[in-house]
Amino acid sequence: MLDLHERLSSDRRDANWPQFLTQEGVLGAEYNKWTRRITARHNVTLPFTRGLAGPYDYTPGGFRNATPATFRIEPQTPMVQTTRGQALAMYVVFDSPFMGVSDSPDNYAGAAGFDFIRAVPATWEETHVVSGEIGERIVTARRSGKDWYVGAMTNETARTVDVPLNFLSSGRFTATIWQDGASPTDVITTTRVVTARDTLTLTLAASGGGAIRLVPIR
């Protein structure tokens, strides 16, 4: 079913409808202004439901991160009840060739994790769904050029997820890893050298996520 999703998205953009970039039709981040419905479980359900119909304009990138317990409905300065790590992972897991950022520019200046958003592309040449379970978790890897990006998201249950790197080509890659920290706005960034024989493990907080950028070493 996930392969069908990728085939539909590719066909619509490249052949039948080359002008088609993205569309609405999803309960996205703007709903944080007036409801508590945009939960982590909702977010990890979307790739298996609405995502099968093609690109969708979720408007990710909320950097006013809070736990579900501390989340407040703030129409003027909206919060999100997921971690910064999940905000980053959305740029890989959610498919939209017209991707943007949803928060105030002031919230991105010098913010932890914004370096990943600056680097991540909006269009992809290859996609692998590494693992997932509807409403529970998802790990997606996408390639743009020679670089690979991975996004991992979980529901309200904290967990660790393994990311086998067997989708990589031969050679060595520099893996930059962004993971959840102690608070919803914290990001722990590490770097290591890997190959296709390696497996990375991401530690995801409750309502959290993580992201990886893999760049070949030339």
Side-chain angles (χ1 to χ4, degrees), residues 1-10 40-52 54-56 58 60 82-97 99 113 116-117 119-180 187-216:
M1 187 160 56
L2 292 168
D3 289 341
L4 176 62
H5 163 222
E6 295 305 326
R7 186 163 64 251
L8 284 173
S9 300
S10 177
R41 180 173 293 274
H42 168 73
N43 292 338
V44 297
T45 300
L46 288 177
F48 303 95
T49 53
R50 171 60 183 84
L52 298 179
Y56 49 105
Y58 178 97
T82 50
T83 69
R84 183 70 52 83
Q86 184 160 132
L88 304 184
M90 289 177 183
Y91 285 88
V92 182
V93 175
F94 294 166
D95 180 25
S96 178
M99 193 68 83
F116 178 81
I117 294 179
V120 68
T123 58
W124 309 99
E125 298 166 49
E126 188 176 353
T127 295
H128 292 271
V129 178
V130 177
S131 63
E133 184 177 355
I134 298 173
E136 298 290 327
R137 57 185 170 78
I138 187 166
V139 180
T140 302
R142 300 188 192 265
R143 180 178 62 83
S144 177
K146 296 182 178 180
D147 297 351
W148 282 89
Y149 294 79
V150 177
M153 298 163 56
T154 184
N155 60 10
E156 288 76 12
T157 300
R159 69 184 83 222
T160 58
V161 294
D162 290 333
V163 186
L165 301 180
N166 51 12
F167 52 81
L168 294 177
S169 58
S170 61
R172 299 189 304 157
F173 289 74
T174 298
T176 305
I177 305 162
W178 292 260
Q179 299 187 79
D180 290 322
V187 178
I188 299 171
T189 306
T190 56
T191 303
R192 57 175 289 190
V193 175
V194 297
T195 71
R197 297 186 298 274
D198 291 316
T199 295
L200 294 176
T201 299
L202 295 175
T203 301
L204 312 181
S207 301
I212 306 170
R213 184 186 185 190
L214 297 141
V215 179

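Atoms considered below: every heavy atom in the structure, side chains included; atoms not considered: hydrogens, waters and symmetry mates. Here, residue 1 is the first one in the sequence, and each next residue gets the next number.
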For [X] versus [Y], what's the shortest heavy-atom pair and its separation?
X: Ala196; Y: Ser169; value: CB-O, 4.1 Å
X: Gly210; Y: Ala89; value: O-CB, 3.4 Å
X: Thr83; Y: Ala206; value: CG2-O, 3.8 Å
X: Met99; Y: Ala122; value: CB-CB, 4.1 Å
X: Phe173; Y: Pro216; value: CD2-N, 3.4 Å
X: Val139; Y: Ala152; value: CG2-CB, 3.9 Å

Judged by atom type as modelled, is there a donor-acceptor pair below 3.5 Å linking the side chain of [X] to the main-chain atoms of [Y]?
X: Asp180; Y: Leu204; result: no
X: Arg143; Y: Gly145; result: yes
X: Gln179; Y: Gly85; result: no
X: Arg50; Y: Pro55; result: yes
X: Tyr91; Y: Pro60; result: yes

The criterion is ring-ring contact (aromatic ring centres under 6.0 Å, His included); which residues satisfy it with Trp148, sequence neighbours excluded?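 Per chain and number, Trp148 pairs via ring-ring contact (aromatic ring centres under 6.0 Å, His included) with His128, Phe167.
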Qualifying residues under salt bridge (Lys or Arg N to Asp or Glu O under 4.0 Å), relative to Arg213, sequence neighbours excluded: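 Asp147.
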Less than 4.5 Å apart, any side-chain heavy atom of [X] and any of [Y]?
X: Val150; Y: Val130; result: no
X: Phe116; Y: Val92; result: yes
X: Ser96; Y: Tyr56; result: no

In Å, rounded to the nearest 0.5 Å, how long is the span from [atom1] of [X] to [atom2] of [Y]?
X: Thr45; Y: Glu136; atom1: OG1; atom2: CD; value: 8.5 Å
X: Leu200; Y: Ile177; atom1: CG; atom2: CD1; value: 4.5 Å
X: Glu133; Y: Thr154; atom1: CD; atom2: OG1; value: 10.0 Å
X: Thr190; Y: Ile212; atom1: OG1; atom2: CD1; value: 9.0 Å
X: Met153; Y: Thr82; atom1: CE; atom2: OG1; value: 7.5 Å
X: Thr176; Y: Tyr149; atom1: OG1; atom2: OH; value: 9.5 Å

Thr127 side chain to Arg142 side chain, donor-acceptor N/O pair below 3.5 angstrom: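 Checked: Thr127/Arg142 side chains pair up, N/O donor to acceptor below 3.5 Å.
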Verdict with reasoning, Arg172 to Thr195, per side chain to side chain donor-acceptor pair (under 3.5 Å): CA-CA 5 Å; Arg172 299 189 304 157; Thr195 71; over 6 Å; no
Worked verdict on Ile138 versus Phe48 for side-chain contact (heavy atoms from CB on, under 4.5 Å): CA-CA 9 Å; Ile138 187 166; Phe48 303 95; 3.9 Å; yes
